[in-house]
Amino acid sequence: MQFETISSISTPVGEGAIAIVRLSGEDAVEIADRLYRGAKKLSEVDSHTINYGHIIDPKTKETVEEVMCAVMRAPRTYTREDIVEINCHGGIHTVNRVLQLTLSHGARMAEPGEFTKRAFLNGRVDLSQAEAVMDFIRSKTDQASKVANQQVQGRLKTYIENLRQSILNILAQVEVNIDYPEYDDVEEATTAFLLEEAQTVEKEIEKLLKSSAEGRILREGLSTVIVGKPNVGKSSLLNYLIQDNKAIVTDVAGTTRDILEEYVNVNGIPLKLVDTAGIRETDDVVEKIGVERSREALKDAELILYVMNNNEEITKEDIELLETIDDKKVIGIINKLDLENHLDVDYLTSHFDIPLIRTSIINGQGVDDLENEIQRMFFDGSISSADSTYVSNNRHIHLLEQAKVSISDAISSAEIDVPVDIIQIDLIKTWELLGEVIGEDVSEQLIDQLFSQFCLGK
Ligand code: GDP
Ligand code: ZN
């Protein structure tokens, strides 16, 4: 396929020391050559090389930027088109000028996601892989990018292809039945086979859907609230977690600063520490908004870190709050272990079924245990297991939910001996829905809608 040459800045604006202006298309090298001055013209260098030179404004002859130009010729490129990546190290201003120059010398501004869209349209990646790229771009932690990576490598695709194959097998058996309706035993055997196979498919789809919850957590972060009475060490814990773990860079630079959320990566699990700005500022949620309202704040939390002071006795407040959140994922933290014990730990263990971690945060003691506990609680360590397939995309989840409905319909029909040619319709529908997940039978419109969600420059 042939498309116009497109260009955009492909590193997050305002982040990092290097920004790349990326060109893709038939004229990519030619357009870059209009602006580039180096030892050789880019049209003369080998493919997949990086070349030192300068970008000049052809009109004024002024040097705009010192650059490294990567030249990659089709088809061994991300888009399967010629690609030139102009690596700039100057600020956003210079990068913008370089981009503008490419635009005034033959390139068109890329739409969001257009590079990946081309990779898809040129047959380089399938739809589920393309979407995983999108998740990859957005993913906030190493663990999340690992999952996205697996998908890029087509894990989900293989999985779904196998499911579709199973459905085809059932359909083939059903055909036999339709062709030889006079044999009763064939019909019975077919229904039994159909039921068993369809139930397996249903289970597999359910498994995929279950994994989506974990996928979402990996993408968005586990909403986590640190609570406890004043002065127990909540802020200290928060600060420690932020320092001890890579703070996670969010997609949009600058916008998350004043939002009451902070992302930290704990053993590969992203925690979205909710309300932390508030916590930091007022030093205490419970005190500030009272027990009633903290309960509400806690309602939406997926993980609660309940901090107590080893040096103080438990109060009515503590007990009340712990009782209301007992059914949640709570980790009790007994802090200030370095001070004398006044906290009735036995009372806690006998009344509340929550893990208790002992810490002395000012000495950095016990925080490791806390981090391990968080990992254990949510993934039982299975998150890093190599053979899990995570669905981490809303469109996939939606399609899988529909596929589950059709396969369940097929099963209940088979159970009450509905004629097989009717059951066939549900099976075909399931097969089609699964196909949509991996990009088969998708309409043009759907593709456009999907790719417009991509970040610019990918
Ligand atoms: P918050 O009000 O719950 O946020 O508590 P802070 O984090 O502001 O801590 C209150 C005080 O306790 C500060 O002076 C901290 O230095 C101190 N603190 C925090 N953790 C520990 C600890 O493990 N041991 C001791 N002795 N003091 C601590
Ligand atoms: Zn505090």
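As the structure is a computational prediction, the values presented were derived from the model and not from experiment. Read the numbers this way: they start at 1 and go in the same order the structure lists the ligands and their atoms.
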Please work out which of the three classes, parallel, tilted or perpendicular, describes the rings of His54 and Tyr52, given edges at 30° and 60°.
perpendicular

Specify side chain, backbone, both or neither for Val232, according to which of its non-hydrogen atoms lie closer than 4.0 Å to ligand 1.
both

The single option from Glu202, Gln199, Glu206 passing side chain to side chain donor-acceptor pair (under 3.5 Å) against Ser408:
Glu202

Should you measure from each heavy atom of Leu339, which atoms of ligand 1 turn up under 4.0 Å away?
26 (N)

Note: heavy atom closest to atom 21 (C) of ligand 1, options Leu238, Asn335, Leu237, belongs to Asn335

Side chain or backbone of Ile362 under 4.0 Å from ligand 1, or both, or neither, by non-hydrogen atoms?
both

Could you work out, for atom 6 (P) of ligand 1, the closest of Ser360, Gly366, Ser236, Gly364 by heavy-atom distance?
Ser236

Only counting residues at least two apart or in another chain, list the ones meeting side chain to side chain contact (heavy atoms under 4.5 Å, CB included) with Glu85.
Ile20, Arg22, Ala70, Met72, Ile83, Asn87

For His342, check ring-ring contact (aromatic ring centres under 6.0 Å, His included) against everything at least two apart and list the hits.
none

Look up atom CZ in Arg97 and atom CG in Leu35, then write down how far apart they are to the nearest 0.5 Å.
11.0 Å

Go through ligand 1 atom by atom and flag the ones less than 4.0 Å from a non-hydrogen atom of Ile361.
22 (C), 23 (O)

